[in-house]
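Have a look at the structure below before the remarks.
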Amino acid sequence: MQFSVDAESPTPPYEQVRAQVIAAIDDGSLVAGTRLPPVRTLAAELGLAANTVARAYRELEEAGYVETRGRAGTIVRGGDAATTRAAQAAKTYADTVRGLGVSPTDAVALVRAALGAG
């Protein structure tokens, strides 16, 4: 998998990397168990700071796309695309309601109502 960053894009570099990894997972180019390049290696290849790539990997891990296994590196997680996308949507929702000051109990109640689960 070859990643690239467009320096002219208004999209931040970490987001470009994150989106490319997600697209590769979704289209099957990156399958479960695939090891992503080490942070420093990818940062050097893309001409980015290591912290920029680390942020992309951290957000991918928080969304459930990858997992970091210490010295074994960052690995693409198993699971289907729907579950992975639902995890990302859940994280986005949680961030939004947290920013609005909605309590966790009320946020869950809103989701239950939206799903028709009462």
Side-chain angles (χ1 to χ4, degrees):
M1 178 73 215
Q2 195 70 350
F3 300 106
S4 63
V5 173
D6 178 3
E8 302 295 317
S9 174
T11 304
Y14 79 89
E15 177 61 27
Q16 292 181 49
V17 172
R18 188 187 74 79
Q20 288 176 55
V21 171
I22 291 170
I25 291 170
D26 286 347
D27 74 14
S29 300
L30 284 175
V31 297
T34 303
R35 184 172 185 256
L36 295 180
V39 169
R40 288 190 175 115
T41 301
L42 185 56
E45 288 174 6
L46 298 175
L48 299 172
N51 284 340
T52 300
V53 174
R55 179 174 179 182
Y57 281 17
R58 187 171 48 255
E59 291 195 8
L60 287 163
E61 186 164 23
E62 289 172 1
Y65 287 97
V66 301
E67 64 180 281
T68 301
R69 298 180 180 167
R71 297 180 66 81
T74 302
I75 311 295
V76 175
R77 292 191 64 191
D80 62 18
T83 301
T84 302
R85 290 180 124 169
Q88 177 59 44
K91 181 185 180 318
T92 300
Y93 175 71
D95 291 344
T96 300
V97 296
R98 192 176 298 117
L100 294 170
V102 175
S103 74
T105 302
D106 289 344
V108 171
L110 290 168
V111 170
R112 287 183 195 274
L115 291 171

Euclidean distance, Leu30 CG relative to Ile75 CD1, rounded to 0.5 Å: 11.0 Å
Smallest separation among heavy atoms of Val5 and Pro13, with atom names: CG1-CB, 3.9 Å
Kindly work out whether a path of hydrophobic side-chain contacts (I/L/V/M/F/W/Y, heavy atoms less than 4.5 Å apart) joins Leu46 to Val39. yes
Side chains of Leu36 and Val66 in contact at under 4.5 Å (non-hydrogen atoms): yes
Take Tyr65 and Val21, measure what side-chain contact (heavy atoms from CB on, under 4.5 Å) needs, and give me the verdict at the end. CA-CA 9 Å; Tyr65 287 97; Val21 171; 5.6 Å; no
Glu67 side chain to Glu61 backbone, donor-acceptor under 3.5 Å: no
With rounding to the nearest 0.5 angstrom, report the CD to OG distance, Gln16 to Ser4. 7.5 Å
Are the charged groups of Glu15 and Arg18 less than 4.0 angstrom apart, N to O? yes
Residue pairs involving residues 97-109 (criterion side chain to side chain donor-acceptor pair (under 3.5 Å); sequence neighbours excluded): Asp95-Arg98, Ser103-Asp106
Under the side-chain hydrogen bond (donor to acceptor under 3.5 Å, both in side chains) test, which residues partner Arg55, sequence neighbours left out? Tyr14, Glu59
In the structure I gave you, are the side-chain heavy atoms of Tyr57 and Pro38 within less than 4.5 Å of one another anywhere? no
Measure across Ala107 and Val102 and return the closest heavy-atom pair with its distance rounded to 0.1 Å. N-CG1, 3.7 Å
Would you say Phe3 and Leu42 make side-chain contact, with heavy atoms under 4.5 Å? yes
I'd like to know if the side chain of Thr34 reaches the main chain of Val31, judged simply by a donor and an acceptor atom lying under 3.5 Å from each other, with no hydrogens or angles considered. yes
Do any N or O atoms from the side chain of Thr68 and from the backbone of Gly70 form a donor-acceptor pair under 3.5 angstrom? no
Just wondering, do Val111 and Tyr93 contact through their side chains at under 4.5 Å, heavy atoms? yes
What do you reckon, is CZ of Arg35 surrounded by more than 12 foreign heavy atoms closer than 6.0 Å? yes
Apply side-chain hydrogen bond (donor to acceptor under 3.5 Å, both in side chains) to Thr41 and list each qualifying residue two or more places apart in sequence or on a separate chain. none
Thr96 side chain to Thr92 backbone, donor-acceptor under 3.5 Å: yes
